[in-house]
Amino acid sequence: MDGDKPSFGHGVPPSLLLLVSTAGSILLSYGITLGKNTDITAGIAILLFSVPLAVYITWRHNGSLREHIARGCVYVVIPILCASIPAITAHTRAIRPATPEGKEFVAHIITIEEGRYSDRVILSISPVRGSDNPPVKAIGFSKHGIRTRGDIIAISAEPERITADDPFASKRYEGIHFKIRISDANCALISKGNPSFRERIRESIIRRNTELYGSKAGAVISALYLGDGYFIDRKTGYDFTRAGVLHILAASGSHVAIVAGIPLFILFLLPVPRKLSFVIVAVLLAAYYHITCEPVSLFRACVMFWIVALFRITGERCSPLNALCLSGSVILMVHPWEIYSLGFQLSFGATAGIIALYRLYRDCMPGMLGRIGNSLALTFSAQIGVIPVIAITLNQINFTGICANLVIVPLMELLMTGSIAVDVLSFAGIPLNRAGTIISSGMIFTLGLCEDFARIPGHFVFDTIPPYFIIPYAGLLIPVLFRTGKYAFHLTFAAIISALIPCCIMFNMHPRPLSPEAPIGNIASREDMIREERSLRSAGYRIPSITLKSATYDSIHWTERFIQRNPVSEVRIPRSVSLSPAFRSLCETIEREGISLTFAGQIKK
């Protein structure tokens with residue numbers, strides 16, 4: 001029998017080799033197909049790293065040479081076979097198809113990515129006449145709620161190829177190489193698709209939440225359930241972003257813990273076999289995942305639960321790191337393009353940090369209260385994997401989230417658990433209006449706390465991250481490097497504060513508006529909108545008002561676009577404005593966001 005050597009290497013599961021091989025093959029395949037040298041280099045480097053990793057995992061066990069060779073073959077052949085699947089998928093999807101000819105097409109709506117104002121519609125388009133080429137995928141935009149999955153429409157427009165510098169360049173990884181304009185003027189409905197069971201369930205949940213908790217609280221609870229941020233208004237999303245708790249609205253591990261934990265707890269109290277309980281909950285979790293917007297963070301958490309449940313059913317044990325690596329491999333095999341997704345990187349970075357470092361952080365604060373210490377350890381360990389990704393991709397540093405996560409996240413989890421219980425009982429016909437009122441009041445209180453945290457000057461956006469950014473990150477690593485140190489936890493907070501001070505000084509060197517509600521001038525072009533957005537991001541907490549100085553189409557259109565992308569407190573418009581379609585659309589946006597509308601010269605009440 002093989003005897004294991006006592007080594008830290010026992011914490012490295014073979015599934016890590018599978019994940020590394022899969023990621024390297026995907027990057028290499030995409031790089032070769034799309035001609036991206038950086039991806040080719042990264043893919044080769046990762047695959048070269050997998051070679052010593054395979055040797056290490058193989059030889060860490062005692063045994064004869066023959067056993068090492070047999071084990072090495074298994075550890076090498078299986079990852080190669082598994083990695084070839086997403087590599088081939090990536091290559092076939094990244095191949096550029098020929099541009100469809102003509103300007104008249106028949107399009108079949110494949111999927112719809114819902115948004116607050118417009119939906120991203122994924123289409124399969126084919127020319128009406130004169131082409132033997134197979135249909136190609138394209139992306140277009142449609143007003144929210146107008147189109148349904150399965151619709152067949154006729155479009156009179158010319159598809160545009162998605163280039164490397166296009167905002168939709170990432171869609172090329174999914175096999176979507178064209179974009180096409182969709183509007184009431186250039187398309188006509190041929191046949192209407194029937195709403196799916198998933199869409200009917202989603203609509204029922206949204207309607208029930210609005211009835212039980214009101215429009216504002218119900219929108220946030222629907223966002224918590226379904227992982228769709230478009231339910232909430234821009235002001236609420238802005239507060240969650242500045243407070244550093246936007247991740248709670250993205251369905252992930254905490255959602256799985258609640259959705260799976262409640263039925264597991266009930267089934268364990270009943271005379272139901274444990275293995276059957278895990279099977280039932282795994283099916284319920286799959287149904288829950290299907291009705292959400294299917295974010296990668298939720299897919300990762302669900303796959304981890306399914307893997308752990310499978311090991312429990314078979315009577316085996318599965319470490320969290322093994323489940324994480326296996327779930328990452330499964331996701332990349334099914335959706336290889338997710339390797340470029342910011343959600344994938346943040347989800348796995350945070351989870352890996354928690355698995356690897358949570359216990360180290362918890363041990364360095366033994367004198368703290370249990371719940372507070374657990375939350376702090378969870379926050380710090382997650383930040384280790386998240387901070388570099390956010391800093392590199394978004395050029396942001398957020399110190400507020402360290403404190404906000406200790407308060408907002410537990411409250412949101414408590415409210416979500418209570419709302420699920422109320423919803424289930426209300427579906428059963430039990431009147432629970434009073435309970436709905438309590439949860440609604442709790443949600444409004446939590447949103448108020450979130451706004452208070454958002455006003456704290458701890459969220460910074462830079463053109464480029466300053467060099468002293470390394471100070472708070474190094475501070476977070478102090479308990480890891482000096483885990484037996486008596487003052488490791490105190491040094492961590494000292495390092496964070498030492499980085500917060502220069503950030504505040506640098507931001508205060510920039511000119512500031514006289515008040516957070518200082519008005520924005522006329523927005524008459526895309527350049528005006530981008531300039532005001534940059535000013536808004538660098539101005540600390542600010543909910544501005546907009547003065548529409550002219551009633552031209554461009555001013556109305558770009559003002560509406562600004563409101564759809566940023567929080568606004570009030571819009572002032574001239575009395576000379578006419579009731580044009582553009583102005584009606586602007587009024588609909590203002591009403592949806594709950595913004596005050598004032599005519600020039602009108603006394604504000």
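- Residues forming a ring pair (Phe, Tyr, Trp, His ring centres under 6.0 Å) with Tyr340 (at least two apart in sequence, or on another chain): Tyr30, Tyr173.
- Residues that satisfy the side-chain hydrogen bond (donor to acceptor under 3.5 Å, both in side chains) test with Ser15, not counting sequence neighbours, are Asn322.
- Phe268 CZ: more than 12 foreign heavy atoms inside a 6.0 Å radius.
- Checked against side-chain contact (heavy atoms from CB on, under 4.5 Å), Pro320 has the following partners two or more places apart in sequence or in another chain: Ile355.
- Not counting sequence neighbours, the partners of Tyr213 by the side-chain hydrogen bond (donor to acceptor under 3.5 Å, both in side chains) test are Asp423.
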Could you give the side-chain donor-acceptor pairs of residues 253-260 under 3.5 Å, partners two or more places apart or in another chain?
{"residue": "His255", "atom": "ND1", "partner": "Ser252", "partner atom": "N", "Å": "3.3"}
{"residue": "His255", "atom": "NE2", "partner": "Leu224", "partner atom": "O", "Å": "2.9"}

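- Legend: residues meeting side-chain hydrogen bond (donor to acceptor under 3.5 Å, both in side chains) with Tyr358, ordered by chain and number and at least two apart, are Asn374.
- Evaluation of the ring pair (Phe, Tyr, Trp, His ring centres under 6.0 Å) rule for Tyr238 yields Tyr541 as partners, not counting sequence neighbours.
- With sequence neighbours excluded, the residues satisfying side-chain contact (heavy atoms from CB on, under 4.5 Å) with Glu588 are Lys143.
- Looking at residues two or more places apart in sequence or on another chain, you find no ring pair (Phe, Tyr, Trp, His ring centres under 6.0 Å) involving Trp306.
- Listed by chain and residue number, His247, Ile248, Asn405, Glu413 satisfy the side-chain contact (heavy atoms from CB on, under 4.5 Å) test with Val409 (two or more places apart in sequence, or in another chain).
- Arg149 is linked by a side-chain hydrogen bond (donor to acceptor under 3.5 Å, both in side chains) to nothing, counting only residues two or more places apart in sequence or in another chain.
- Applying the side-chain contact (heavy atoms from CB on, under 4.5 Å) criterion to Val279, with sequence neighbours excluded, gives Ile313.
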